[in-house]
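Quick notes on the structure that follows.
Model, not experiment: these values are computed from the prediction. Atoms considered below: every heavy atom in the structure, side chains included; atoms not considered: hydrogens, waters and symmetry mates.
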Amino acid sequence: MNYDVVIIGSGYGGSVIAARLAGKAKVLLVERGRRHGRGDFPKTLTQLARAYRHTSNPLGLWQLRIGEGVGNGIVSGLGGASLANYGITERPPDSVLDDWALTPRELDPYYQRALSVLAPEPYPRRDELGDAAFLDRVEPGRRVDLRNTIDWTRCTLCGNCVSGCNEGAKRSLDRTYLPLAEAGGVELRCETEVIDCAPLAPKGDASGSGAQQGAGYRLALRPTAGGPLSALTTRQVVLAGGCFGSLDFLARQRSTLPTTPAFGERMSMNGDALFFLYNSGEPLSGEHGAPLSTTARFETPGADGRPRAVTIISGRMPMLIMPLVARAIPVLTPLLPGERSAGATRGFGPLAAAKRLWRQLRDVAKVDATGALASTFMYKLDGQDAARGRARITASGEVVMDWPDYGDDPVLRFGRERLASWAAQVGGRTIDELGRWPLVGRSFGVHPLGGCALGDEPQGAVVDTRLRLFRPDGEVHPGFRVVDASVLPGSLGVPPSLTISALAERAAEDLLGEIG
Ligand SMILES: Cc1cc2nc3c(=O)[nH]c(=O)nc-3n(C[C@H](O)[C@H](O)[C@H](O)COP(=O)(O)OP(=O)(O)OC[C@H]3O[C@@H](n4cnc5c(N)ncnc54)[C@H](O)[C@@H]3O)c2cc1C
């Protein structure tokens with residue numbers, strides 16, 4: 001046997017497992033993306049476009065998976081989507097976890113363990129932010145300051161976290177869990193994709209324990225940029241390819257690793273949506289702003305009438321795309337859904353209109369603290385959606401999520417109403433969620449979840465509460481776990497990285513117990 005454990009993918013699930021097994025087993029972590037250093041991420045729009053991952057650029061950083069009604073951004077690289085996320089590190093409310101087969105009390109120690117490594121911090125100067133003051137004004141008493149895995153002393157507030165932090169300020173996984181793994185002797189193999197997995201035949205064993213525990217797996221690997229196949233064997237596999245990466249993988253392995261009928265069901269967008277309050281004239285955040293760092297929390301009745309958690313997070317547009325957006329919005333706004341509101345104190349008169357126009361023209365010349373974008377707010381919604389997305393395997397073999405009427409989910413409707421009520425108070429133009437834009441026609445998100453939902457029974461679940469893959473007969477595939485966003489049994493209403501990390505902390509402890 002070449003390895004005790006092979007981990008496929010280096011997002012939150014894979015990195016946590018690698019760190020916790022380090023020094024205790026012979027472990028290989030395989031990542032199809034590349035290692036990024038400080039200053040390696042796109043600095044221009046052209047570089048961002050060139051970083052798109054596709055067949056002729058297999059080492060690209062980001063990719064879209066576009067299904068019916070919804071599309072999702074995913075990331076490849078050592079550290080998974082931590083390389084391009086906002087680092088918001090939040091535990092969902094108990095009411096969300098109460099629906100799970102694992103109780104909040106069972107998970108709490110693992111949340112604490114993950115927090116001790118990720119060490120998120122609130123932005124220390126949050127009270128100076130225009131968006132914090134704005135939330136206090138329009139939603140008194142509801143503001144919650146988020147914690148990000150960001151070293152605020154190095155952060156330049158450019159908001160480019162989502163294209164990769166070139167300042168070395170983000171504490172992404174390659175700077176938290178993965179160094180622990182490497183220091184403990186875990187072998188990290190980047191730019192390599194695991195493409196196949198087959199169970200090894202159990203050896204005859206008088207005690208029968210070989211068959212009971214599983215004889216391990218043979219994996220086929222290939223350099224991501226092309227090259228010859230290689231093979232290795234391992235006692236245990238941890239599939240941590242991210243929501244779509246793991247679904248792609250299991251969809252390919254249906255004959256060797258058959259799953260329950262729940263495979264690909266109950267996918268969620270985590271209520272993800274982007275809204276804008278444009279050119280309100282309020283001094284919302286000035287020219288710069290912290291990356292998404294402050295929020296208001298709500299509850300709204302879901303499709304089933306039960307209360308659902310909604311988080312409306314406010315932030316600034318990334319500086320990388322700001323000049324483009326500043327020029328595009330004045331042209332596009334008349335075509336986009338949403339509405340202009342005079343606000344309680346501003347008028348529609350010629351003076352107000354002239355001021356609005358002047359701010360837009362300022363942006364076309366140069367984006368600065370006097371232009372329209374300096375009083376434009378980007379709101380990212382995270383909510384407990386109904387998780388009615390379904391996986392579909394496309395002709396190219398990649399999985400996409402279909403959810404044709406996602407835009408009508410009650411949490412998105414709630415977001416729209418809230419934004420309109422803010423505009424009614426302060427003025428400005430609401431720009432509705434992308435899914436409602438002509439030609440775009442679908443909502444986009446970056447928190448795809450589910451498809452391999454965890455549960456205590458094989459009916460309705462794909463993995464058990466120990467994250468072991470169920471077989472269709474209700475037994476488990478011995479030594480095969482799925483540990484990433486795909487196992488979340490529903491939307492969280494807050495960003496998911498901390499919950500994935502907590503589940504991985506728990507799975508690592510269980511795995512260590514199993515391999516002794
Ligand atoms: C722009 C953006 C902003 C976000 N902001 C936040 C935020 O602020 N807070 C938050 O909590 N969450 C945020 N998220 C979401 C969060 O980052 C993801 O939910 C999380 O990273 C998912 O972790 P994961 O373990 O499922 O794996 P992922 O992070 O998806 O990583 C999976 C890795 O596996 C690799 N892989 C897949 N298949 C294979 C294979 N066959 N062989 C080898 N390697 C493979 C992939 O290349 C990838 O690197 C954001 C995401 C994005 C894209």
Side-chain angles (χ1 to χ4, degrees), residues 5 7-9 13 17 96-104 106-107 110 197-202 208-217 235-268 304 386-393 399 401-402 448-492 496 499-500 502-504 506-511 513-515:
V5 183
I7 303 165
I8 306 172
I17 301 270
V96 171
L97 301 175
D98 280 342
D99 285 347
W100 290 25
L102 290 166
T103 63
E106 276 172 293
L107 282 174
Y110 304 103
C197 172
L200 293 169
S209 66
Q212 216 174 49
Q213 290 176 8
Y217 294 87
R235 283 167 66 198
Q236 301 267 344
V237 175
V238 175
L239 177 59
C243 184
F244 286 108
S246 289
L247 291 175
D248 289 348
F249 189 85
L250 288 172
R252 274 202 306 268
Q253 309 301 317
R254 286 208 114 156
S255 57
T256 50
L257 290 168
T259 55
T260 62
F263 177 76
E265 299 289 325
R266 276 163 73 184
M267 293 190 78
S268 161
D304 54 4
R388 289 198 290 106
R390 299 182 82 167
R392 173 168 53 90
I393 305 166
V399 170
M401 187 196 306
D402 285 341
L449 313 174
C452 291
L454 70 84
D456 40 17
E457 301 282 338
Q459 288 75 29
V462 179
V463 298
D464 68 4
T465 52
R466 294 170 60 191
L467 308 190
R468 299 174 306 173
L469 186 67
F470 277 127
R471 293 193 317 218
D473 63 6
E475 296 297 314
V476 293
H477 290 282
F480 196 104
R481 282 174 173 75
V482 185
V483 186
D484 57 26
S486 69
V487 304
L488 296 176
S491 49
L492 299 171
T499 300
I500 302 167
L503 285 172
R506 187 172 183 273
E509 191 177 272
D510 180 49
L511 183 51
E514 187 171 319
I515 61 180

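The one candidate from D248, V399, L247 that meets the side chain to side chain contact (heavy atoms under 4.5 Å, CB included) condition with I393 is V399. When each of R235, Q236, R468 is tested with E514 by the rule side-chain hydrogen bond (donor to acceptor under 3.5 Å, both in side chains), just one qualifies, namely Q236. Shown are V483, L102, L467; of these, the side chain to side chain contact (heavy atoms under 4.5 Å, CB included) with R506 is made only by L102.
With sequence neighbours left out, L200 forms a side-chain contact (heavy atoms from CB on, under 4.5 Å) with M1, A215, R218, T233. P104 pairs by the side-chain contact (heavy atoms from CB on, under 4.5 Å) definition with R91, D94, L97, D98, not counting sequence neighbours. Checked against side chain to side chain donor-acceptor pair (under 3.5 Å), E509 has the following partners two or more places apart in sequence or in another chain: Y110, R113. Looking at residues two or more places apart in sequence or on another chain, you find a side-chain contact (heavy atoms from CB on, under 4.5 Å) between R390 and E265. Remark: A198 engages T256 in a side-chain contact (heavy atoms from CB on, under 4.5 Å) (not counting sequence neighbours). Among residues two or more places apart in sequence or in another chain, the side chain to side chain donor-acceptor pair (under 3.5 Å) test is passed with D510 by R466, R481.
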Decide yes or no on side chain to side chain contact (heavy atoms under 4.5 Å, CB included) for L107 and L503, but give the supporting numbers first.
CA-CA 7 Å; L107 282 174; L503 285 172; 3.8 Å; yes

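With a 4.5 Å cut-off on side-chain heavy atoms, V482 and V462 do not count as touching. Using a 4.5 Å heavy-atom threshold, the side chains of W100 and T465 count as separate. E457 places none of its side-chain heavy atoms less than 4.5 Å from the side chain of F470.
The two atoms that bring I7 and A240 nearest to each other are CG2-CB, 4.4 Å, heavy atoms only. The minimum heavy-atom distance between L454 and P489, with the atom names listed, is O-CB, 3.8 Å. Closest of all the heavy-atom pairs between P478 and Y217 is O-OH, 2.6 Å. Here the closest non-hydrogen pair linking R266 and G460 is NH1-O, 2.9 Å. Of all heavy-atom pairs spanning L250 and F263, the tightest one is CB-CE1, 3.6 Å. Looking at every heavy atom in both residues, I17 comes nearest to A507 through CD1-CB, 4.0 Å.
Note: R471 CZ to T259 OG1 = 12.5 Å, rounded to the nearest 0.5 Å. In this structure, OG on S268 lies 6.5 Å from CE on M401, to the nearest 0.5 angstrom. The line from CG of L488 to CE of M267 is 11.0 Å long, rounded to the nearest 0.5 Å.
Although no hydrogens or angles enter the test, the distance criterion places a donor-acceptor pair under 3.5 Å between the side chain of D484 and the main chain of G241. With hydrogens and angles disregarded, a donor-acceptor distance shorter than 3.5 Å links the side chain of T260 to the backbone of A461. Side chain of H477 to main chain of P258: a donor-acceptor pair is present (N/O by atom type, distance under 3.5 Å, no hydrogens or angles).
By the 30° and 60° cut-offs, the orientation of the rings of F249 relative to F480 is parallel.
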